[in-house]
Amino acid sequence: MALTLVIGNKNYSSWSLRPWLAMKMAGIGFDELRIPLDQPDTKAGILRHSPTGKVPCLIDTGSAGRLTVWESLAICEYVNEAYADGRLWPADRAARARARSAASEMHAGFAALRTHMSMDIRARKFERGAAAIAREDVAADITRIRALWFDALLQSSGPFLFGDFSIADAFFAPVVMRFVTYGVDLAPQLAAYRDRVVGLAPMQRWIADATAEVEDLGDH
Ligand SMILES: N[C@@H](CCC(=O)N[C@@H](CS)C(=O)NCC(=O)O)C(=O)O
């Protein structure tokens with residue numbers, strides 16, 4: 001296959017999930033190369049493919065020769081342009097601008113949430129979640145995400161943040177999984193959005209693969 005997506009553990013690698021889900025939702029065919037994180041040979045293994053030593057990384061051996069694309073958002077932009085005819089962003093320019101803002105905000109922000117509620121798909125950590133939410137910085141991140149989801153769903157009427165599934169939804173998919181793992185309460189319309197994302201066939205595949213993985217990185 002022309003496209004290979006280099007990813008980390010499905011249970012833990014939130015950045016890998018984003019382009020993987022976007023590509024699956026767009027019906028793009030690709031091979032996966034999984035490199036387990038936090039092993040003695042992880043860095044060297046990833047560096048064989050990715051100049052940053054981080055996953056995800058996309059290798060395209062198609063028409064342009066061998067092209068390496070790194071950074072999750074850049075990978076999503078590339079596949080959207082090259083393999084999805086732009087379907088991974090809303091057709092409406094204003095909605096597209098808002099969707100890009102949301103994905104960029106996720107890419108650049110929510111550090112407290114990412115630190116104190118790291119993705120651990122197969123685990124249920126409600127006590128740990130309650131302790132994290134008691135922190136002002138984590139609570140502020142969650143408040144902002146709730147507001148962003150609420151406004152987006154209200155404006156688009158759903159079913160996804162900006163209407164049809166977009167890169168913005170792929171970017172928030174790991175947050176959805178964190179809210180499940182850490183038992184974060186959501187208003188009914190946000191809970192329905194969370195459940196819609198979890199219920200997507202590719203998400204169910206990713207969750208099943210994550211659950212079947214044998215590596216245990218503890219509270220990484
Ligand atoms: N900004 C990067 C973040 C990538 C990232 O931090 N990936 C983690 C795994 S989720 C990684 O490769 N960690 C391995 C390491 O740093 O050695 C992106 O959006 O792709």
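Remember, it's 1-based here, ligands and their atoms both numbered in the order they're listed. Model, not experiment: these values are computed from the prediction.
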Taking atom 10 (S) of ligand 1 as the reference point, the nearest protein heavy atom with its distance: Ser13 OG, 3.1 Å
Does any N or O of ligand 1 fall below 3.5 Å from an N or O anywhere on Tyr12, backbone included? no
Look up atom OG1 in Thr61 and atom CG in Leu67, then write down how far apart they are to the nearest 0.5 Å. 10.0 Å
Closest heavy-atom pair and its distance - Leu88, Asn80: N-OD1, 2.8 Å
Between atom CZ of Arg178 and atom CG of Leu113, what is the distance when rounded to the nearest 0.5 Å? 5.5 Å
Could you establish whether Gly8 and ligand 1 come within less than 4.0 Å of each other, counting only heavy atoms on the residue side? no
Which protein heavy atom lies closest to atom 20 (O) of ligand 1, and at what distance to 0.1 Å? Ser72 N, 2.9 Å
Report the distance from atom CZ of Arg34 to atom CG of Asn9, rounding to the nearest 0.5 Å. 5.5 Å
Would a 4.5 Å heavy-atom cut-off, applied to side chains only, mark Phe30 and Leu58 as touching? no
For atom 16 (O) of ligand 1, the protein heavy atom that lies nearest, with its residue and separation: Lys54 NZ, 3.0 Å
Going by the order shown, which atoms of ligand 1 are within less than 4.0 Å of some heavy atom of Lys43? 15 (C), 16 (O), 17 (O)
Ligand 1 atoms in contact with His107 (distance to a heavy atom under 4.0 Å): 1 (N), 18 (C), 19 (O)
Would Ser14 count as being in polar contact with ligand 1, using the rule that some N or O on each side must be under 3.5 angstrom apart? no
Ligand 1 atoms nearer than 4.0 angstrom to some heavy atom of Pro56 are 20 (O)
When rounded to the nearest 0.5 angstrom, what is the spacing between SG in Cys76 and CE in Met23? 8.5 Å
Distance from Tyr12 atom OH to Leu37 atom CG, nearest 0.5 Å? 10.0 Å
Under 3.5 Å between any N/O of Val55 and any N/O of ligand 1: does that happen in this structure? yes
State if Ser16 counts as touching ligand 1 under the rule of any non-hydrogen atom under 4.0 Å. no
Whether Thr42 side chain and Gln39 backbone form a donor-acceptor pair below 3.5 Å: yes
Any side-chain donor paired with an acceptor under 3.5 Å for Gln189 and Trp149? no
So, is Glu71 polar-close to ligand 1, with some N/O to N/O distance under 3.5 Å? yes
In terms of residue, atom name and distance, what is the protein heavy atom nearest to atom 13 (N) of ligand 1? Leu37 CD2, 4.2 Å
